[in-house]
Amino acid sequence: MPELPEVETIRRDLEKKIAGQKIKDIEILATKSVHNKSAEFLKVLVGNNFSHIERRGKLLMFALDKTGKFGFLLIHLKMTGQLIYRHKKQLLAGGHSQSAMDTNVPNKFTRVIFTFSDGSQLFFNDMRRFGYLKLVSTEEKEKIVKNNFGIEPLTPDYTFEAFEKLFKKRQTNVKALILNQKLISGIGNIYADEACFDAGILPFRKASTLTKAELEKLYHKIAHVLKLAIKNRGTTFNNYVDSDGRTGSHVNFLNVYGRDGEKCKHCKSIILKVKHAGRGTHYCSKCQK
DNA sequence: GTGTTTGTTATCAA
DNA sequence: CTTGATAACAAACA
């Protein structure tokens with residue numbers, strides 16, 4: 001479940017590896033994963049290269065060096081998408097694999113393979129096929145960013161004033177609000193639960209009932225947990241690995257997510273888990289009010 | 001066979 | 001128009 005910290009980790013690492021590298025070949029193993037016609041996808045990308053990689057929320061945007069009809073390749077990993085990069089030497093050493101947790105590539109969940117002119121390869125794996133690759137024009141990319149993404153945490157746009165405004169008249173609950181990408185981008189189920197715990201706020205609270213002090217705490221804790229998770233190179237709970245196929249270590253720092261039945265690290269109460277708005281929601285009834 | 005997992009969109013209601 | 005709530009999708013695993 002890659003969220004902002006995981007996607008940002010991939011973005012930073014991958015940009016160093018592939019920026020400016022010429023794409024020599026592309027193999028589409030699952031046409032469903034590519035939201036363009038295969039022939040057009042290949043025609044635009046083979047011989048081209050990515051100049052840099054941008055990110056908005058959980059969406060990666062690979063900037064094309066040669067722009068024509070298309071300026072960007074959008075890649076969304078959704079729940080089980082992976083982007084794994086291998087040098088030629090690593091490829092020769094590796095074998096085939098059939099397991100989702102085994103990051104030998106290619107494996108049965110490999111959907112697209114990019115081959116660069118130095119022989120290195122980038123594998124898009126996606127067990128559940130929710131993720132996608134899509135070529136868009138620069139105008140289309142800007143429109144998508146504008147229409148679908150709210151305040152981006154860890155940027156100057158993330159001000160307390162803008163954050164507070166989101167909560168003022170909203171009747172929805174805190175968790176649904178911070179999960180809404182159109183309001184704040186990049187937070188998923190793990191960091192929503194973690195941020196609520198860190199701020200001492202129950203995720204079920206009505207947004208408009210939060211006091212200024214609570215809002216300030218939540219505002220700071222969201223930024224804090226995202227930054228810390230990036231430092232730890234993401235949370236590997238099920239499927240996430242970085243562009244080297246390595247797991248992130250932030251799972252060891254989680255306070256509530258996946259810890260139902262275990263003791264709260266702060267007060268020793270048992271962490272509870274309920275289904276809320278169709279999502280698993282973890283919390284401590286003593287630490288969160 | 002059943003329940004569980006979640007990012008996002010579709011759909012419907014108010 | 002906006003807001004909110006819920007179902008649906010996909011696929012593997014315990």
Side-chain angles (χ1 to χ4, degrees), chain A residues 1-8 10-11 29-35 55-61 74-83 97-103 107-112 124-134 136 143-150 152-153 165-196 203-209 226 229 234-241 248 250-251 254 256-261 272-283:
Chain A
M1 299 151 278
E3 304 179 27
L4 188 155
E6 292 76 32
V7 178
E8 178 61 15
I10 291 171
R11 189 199 68 76
L29 301 165
T31 51
K32 183 184 181 296
S33 299
V34 175
H35 289 193
R55 177 189 59 75
R56 195 67 209 277
K58 305 164 195 168
L59 179 66
L60 287 166
M61 305 175 286
L74 308 185
I75 300 186
H76 203 302
L77 302 172
K78 291 285 181 86
M79 292 184 59
T80 58
Q82 302 174 327
L83 281 169
S97 163
Q98 296 298 306
S99 157
M101 282 305 287
D102 188 331
T103 50
N107 60 40
K108 70 178 195 180
F109 303 120
T110 301
R111 311 301 181 196
V112 182
F124 174 73
N125 297 340
D126 188 18
M127 182 176 82
R128 287 168 63 177
R129 302 177 194 240
F130 266 24
Y132 63 84
L133 291 75
K134 185 183 188 181
V136 295
K143 200 169 130 190
I144 287 168
V145 167
K146 182 170 166 282
N147 293 339
N148 297 288
F149 297 93
E152 180 71 32
K165 209 172 164 184
L166 299 177
F167 288 73
K168 280 291 180 216
K169 288 180 181 173
R170 284 233 152 64
Q171 293 310 302
T172 192
N173 58 76
V174 173
K175 181 163 175 180
L177 192 157
I178 63 177
L179 280 175
N180 187 337
Q181 304 299 301
K182 290 186 168 135
L183 303 179
I184 309 172
S185 49
I187 300 170
N189 208 34
I190 296 174
Y191 299 109
D193 282 0
E194 292 299 313
C196 285
F204 325 109
R205 288 271 301 281
K206 286 269 170 282
S208 57
T209 68
L226 294 176
T235 300
T236 299
F237 200 80
N238 290 322
N239 193 257
Y240 169 73
V241 289
H250 192 75
V251 67
L254 296 178
V256 285
Y257 185 89
R259 295 195 67 249
D260 42 303
L272 304 176
K273 178 182 180 183
V274 296
K275 197 122 184 168
H276 182 242
R279 294 289 173 261
T281 297
H282 313 71
Y283 65 102

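Numbers restart at 1 for each chain; the letters A, B, ... are given by sequence-line order, proteins then strands.
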Distance col, row A:H250:NE2 vs A:Y191:OH, nearest 0.5 angstrom, shows 5.0 Å
[N] phosphate, OP1 or OP2: any side-chain N/O from [X] under 4.0 angstrom?
| X | N | value |
| --- | --- | --- |
| A:Y191 | B:dT6 | no |
| A:K275 | B:dT5 | yes |
| A:T172 | C:dA5 | yes |

Please report, rounded to the nearest Å, how far the [atom2] atom of [N] is from the [atom1] atom of [X].
| X | N | atom1 | atom2 | value |
| --- | --- | --- | --- | --- |
| A:F237 | C:dA12 | CZ | P | 20 Å |
| A:M1 | C:dA12 | CE | C1' | 13 Å |
| A:L77 | B:dG7 | CG | C1' | 11 Å |
| A:N173 | C:dA5 | CG | C1' | 10 Å |
| A:M79 | C:dA11 | CE | C1' | 10 Å |
| A:K165 | C:dT2 | NZ | P | 14 Å |
| A:L179 | B:dG7 | CG | C1' | 9 Å |
| A:I178 | C:dG4 | CD1 | C1' | 17 Å |

With a non-hydrogen cut-off below 4.0 angstrom, is A:R279 in contact with a base, only sugar-phosphate, or nothing?
base
Report which part of the nucleic acid A:G280 touches: base, sugar-phosphate, or nothing (heavy-atom distance under 4.0 Å, all strands).
sugar-phosphate
Classify the ring geometry of A:H276 against A:F204: parallel below 30°, tilted from 30° to 60°, perpendicular beyond 60°.
perpendicular
Given that A:K273 and A:Q181 both sit by DNA chain B, which one's nearest nucleotide is further toward the 5' end?
A:K273
Judged by nearest nucleotide, the residue sitting upstream toward the 5' end of DNA chain C, A:D126 or A:L183, is A:L183
Out of [options], whichever nucleotide has its closest atom nearest the side chain of [X]:
| X | options | value |
| --- | --- | --- |
| A:Y257 | B:dT6, C:dG4, C:dA5 | B:dT6 |
| A:K78 | C:dA11, C:dA5, B:dG7 | B:dG7 |
| A:K206 | C:dA12, B:dT6, C:dA5 | C:dA5 |
| A:M127 | B:dG7, C:dA12, B:dT5 | C:dA12 |

Is any side-chain heavy atom of A:L77 closer than 4.5 Å to a side-chain heavy atom of A:Q82?
no
side-chain hydrogen bond (donor to acceptor under 3.5 Å, both in side chains) with A:Y283: which residues, sequence neighbours excluded?
none
In terms of heavy-atom contacts, A:A192 and A:L179 come closest through CB-CD2, 3.8 Å
Check whether the side chain of A:R170 and the base of C:dT3 form a donor-acceptor pair under 3.5 Å.
no
